[in-house]
Amino acid sequence: MKIDPAQVEEVARELYVRALKILPPDIKRGFARLDATETDATAKKVLGTMITNIRVAEETENLLCQDTGIPIYNVTIGRGVEIAGTELRDAIRRGCERATREHPLRSSVVHPITRRNEHTSCGAGVPPIHVDFCDEERLVIEMIPKGSGSENNSWLKMAVPADGVNAIKTFVIDCVLEAGGKTCPPTIVGVGIGGTSDLCMALAKRAATRPLGTSCADPEGAALEASLTEAVNGLGVGPQGLGGDSTAFAVHVEIAATHITMNPVAVNMQCHSARRASASFTRAGVEYGF
Amino acid sequence: MTHHVLHMPVSEAQARALKVDDTVTIEGALFGIRDANQIALFDKGRTTRFDMRGHAAIHTAPNVRKIPPSSEHPTGYAPICVGTTTSARMERFTRPLMEKLGVRILIGKGGLGAGSLAAFAELGGAYLAIIGGTAALETTWIEAIEDVDLDDLNPESLWKFRVRGFGPLLVAMDSHGGSLYDAVDRKARGRRANTLARLGVK
Ligand code: SF4
């Protein structure tokens, strides 16, 4: 299956705008669930405002949140997909630039030292493009605008084996306390466990951006997800840190094997504006989803 | 719990009348501040031609569209999406904003710290919480971008919006030492030991 770079560019452009405007159905269901169970009056009002905002964004075809985030593209390349890697990469970048210019969107990306904004949402190494593979004959591009309020709440701890899983649990609870309202709760708390330091952080990001209702493939990880979700929501941080039961939609865990001397744990959070959009290229054409 | 409709600018007495848990709607002018413009004003010695005395400032950097200037859009900028950013990053600018520029009210999300709370008490000000991440809704409260300064920092320019029915916002920090964030934080940290025990952490 040959892929036309011009079409990838178009899709990369469209995905950025779609992601910013339409919240995925699993997140909307997450809101409905929290709204039904929240017991705090202020928290209920805050959740109500967030739910109204989702509707207003769709009705006015506006962005859900002003923060256009750091654009992230996750690419899954299937069997028999034909496109040069460099062409794919450049097409995604062009699409991201075009979305910024043509919509227009606020470019939230600057040089880290000069703080210069090129007004393209692009820069050195940005957008990050992550590549994975699958067996089917398809190309999938997922786009995630990662807001800074949640991204600024990222932590890594290289704990030691002697501290065991207790170190992981304590770390997650302390990160949620530290984040308070700064990360726009209710959040998806992404927890990476194991790997190297960089892999651990990447796992946390993958966990934070995984659809609600999915669980960790590893049963140990899945069990931790359940107990940590309950624990985090017992803290009372609440939506926007103003108190309540709805601190997190869920805690998600992703794991990787690690070294005999290591016990790394990372936390990355996704805010309530848990935006995602994806497109799948098959022989039948391009189909948009979440 | 009182609801206040504030036509900007306001007096010190009006700012001091705001109490935690009250709600506020802002009418008239609203200034947009951000990391870069406050670094420019308070670290790099730049100045603004805006008179911000008695006014409210919101932690923001909007999405705008450049268009030909008109009576509706005098600056040549139309608002697309105006939201709110995390206030905590700009904690150290609360005092100079109030002392040097006379700002009375800050609007943001996630709350500010002890330094800001002290400044509100000493100088007469308050922090109003908006619901972060609800920018589509917030944008419907913005009538126009009335003026812009320090525009070389775009999108982190110093913005002047004209707003109508901007709210309801929640008074989350006041001039009487009250902070909803401190109260929630204390309570949540108080639950830490029990939470960990239930997770089996000894
Ligand atoms: S943390 Fe998320 S919801 Fe909050 S302002 Fe940033 S992008 Fe928007």
Side-chain angles (χ1 to χ4, degrees), chain A residues 20-21 42 45-46 49-50 52-60 62-68 103-108 110 115 117 119 147-149 152 165-166 169-170 173-174 176-177 180-184 227-228 230-232 234-244 247 271-273, chain B residues 21 23 35-36 39 60-66 79-89 108-111 129-140 152-156 168 170 172 180-202:
Chain A
L20 290 173
K21 293 187 175 181
T42 303
K45 261 193 238 156
V46 175
T49 304
M50 291 171 176
T52 303
N53 183 67
I54 299 168
R55 183 172 49 73
V56 172
E58 286 183 13
E59 281 170 7
T60 56
N62 203 350
L63 316 182
L64 287 148
C65 180
Q66 73 165 356
D67 188 358
T68 48
H103 182 276
L105 302 171
R106 183 188 89 184
S107 169
S108 307
V110 294
R115 309 303 293 182
N117 192 326
H119 296 281
S148 71
N152 272 339
V165 75
N166 282 353
K169 293 175 179 173
T170 307
I173 297 300
D174 285 342
V176 171
L177 288 171
K182 295 196 290 284
T183 180
C184 273
S227 57
L228 284 173
E230 199 195 323
V232 160
L235 290 172
V237 174
Q240 292 291 307
L242 293 167
T247 303
C271 53
H272 73 84
S273 210
Chain B
D21 276 333
T23 50
D35 308 64
I39 291 168
T60 187
N63 288 260
V64 294
R65 189 191 307 279
K66 240 189 147 76
I80 293 178
C81 185
V82 184
T84 309
T85 192
T86 313
S87 301
R89 294 193 312 274
K109 70 160 181 97
I130 200 163
I131 310 306
T134 60
L137 182 63
E138 209 174 313
T139 305
T140 63
D152 56 303
L153 303 174
N154 190 298
E156 298 183 71
L170 180 67
L180 281 182
Y181 301 100
D182 283 357
V184 170
D185 189 58
R186 257 197 312 276
K187 208 160 129 194
R189 286 185 195 274
R191 291 179 179 176
R192 178 181 182 272
N194 240 327
T195 303
L196 289 175
R198 261 187 284 126
L199 283 168
V201 179
K202 285 173 206 76

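Just so we're on the same page: letters track the sequence lines, and every chain starts at 1.
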Going by heavy atoms in the side chains, are B:P62 and A:R106 under 4.5 Å from each other? no
Kindly give the heavy-atom pair with the smallest separation between A:L177 and B:R189, and that separation in Å. O-NH2, 3.6 Å
Can you tell which part of A:T68 gets under 4.5 Å to a heavy atom of chain B, answering side chain, backbone, both or neither? side chain
Winner by heavy-atom pair count (cut-off under 4.5 Å) against chain A, out of B:L153, B:T85, B:T84: B:T84
N/O donor-acceptor pair under 3.5 Å between B:N63 side chain and A:L105 backbone: no
Heavy atoms, side chains only, cut-off 4.5 Å: are B:I80 and A:H103 in contact? yes
Using distance alone, with no hydrogens and no angle criterion, decide if B:T60 and A:Q66 have a side-chain donor and acceptor under 3.5 Å apart. yes
Given that the side chain runs from C-beta out, which part of B:K66 has a heavy atom under 4.5 Å from chain A: side chain, backbone, both or neither? neither
Counting only N and O atoms by type, is there a donor-acceptor contact under 3.5 Å from the side chain of B:R192 to the main-chain atoms of A:I173? no
Flag the one option from A:T60, A:N117, A:D174 with the top tally of heavy-atom pairs under 4.5 Å to chain B. A:D174
B:I131, B:T86, B:V82, B:D21: which one forms the most heavy-atom pairs within less than 4.5 Å of chain A? B:I131
With B:R198, which residues qualify under salt bridge (Lys or Arg N to Asp or Glu O under 4.0 Å), at least two apart? none
Separation of B:L137 CG from A:M50 CE (nearest 0.5 Å): 11.5 Å
Which residues pass the salt bridge (Lys or Arg N to Asp or Glu O under 4.0 Å) test with B:R191, not counting sequence neighbours? none
Mind checking the OG1-CG spacing from B:T195 to A:L235? Nearest 0.5 Å is all I need. 4.5 Å
Scanning both residues in full, the closest heavy-atom pair of A:H272 with B:G133 reads CE1-O, 3.5 Å
Taking A:K182 for the side chain and B:A88 for the main chain, is one N or O donor matched with an acceptor at less than 3.5 Å? no
Report yes or no: does A:Q240 contribute a side-chain atom to a donor-acceptor pair with the main-chain N or O of B:G132 at less than 3.5 Å? yes
If we define contacts as heavy-atom pairs under 4.5 Å, which of B:L199, B:L180, B:N194 has the most with chain A? B:L199
Cut-off 4.5 Å, heavy atoms of chain B, and the answer for A:S227 is both
Go through the atoms of A:S107 and report whether side chain, backbone, both or neither lie under 4.5 Å from a heavy atom of chain B. backbone
Quick check: closest heavy atoms across A:S148 and B:R89, and the distance to 0.1 Å? OG-NH1, 4.4 Å
Is it the case that the side chain of B:K187 and the backbone of A:G236 share a donor-acceptor pair, with hydrogens and angles ignored and the cut-off at 3.5 Å? no
Least distance between heavy atoms, A:N62 atom then B:C81 atom: OD1-CB, 3.6 Å
Measure the CD1-CZ distance between B:I39 and A:R115 for me, rounded to the nearest 0.5 Å. 7.5 Å
Comparing B:S87, B:A36, B:G111, B:G110 against chain A, the one with the most heavy-atom pairs below 4.5 Å turns out to be B:G110
Looking at B:G190, B:A129, B:A61, B:G108, which has the largest count of heavy-atom pairs under 4.5 Å with chain A? B:A61
Rounded to the nearest 0.5 Å, how far apart are CD of B:E156 and OG of A:S108? 9.0 Å
Distance, nearest 0.5 Å, that separates OG1 of B:T134 from CG of A:L64: 10.5 Å
Other residues, nucleotides, ligands: >12 heavy atoms within 6.0 Å of A:E230 CD: no
Answer with side chain, backbone, both or neither: which region of B:L170 has an atom nearer than 4.5 Å to a non-hydrogen atom of chain A? side chain
Heavy-atom distance under 4.5 Å to chain A: side chain of B:N154, backbone, both or neither? both
Answer key: most heavy-atom pairs under 4.5 Å with chain B among A:D67, A:N166, A:V110, A:V176 is A:N166
Please give me the minimum heavy-atom distance between A:G243 and B:V184, naming the atom from each residue. N-CG2, 3.6 Å
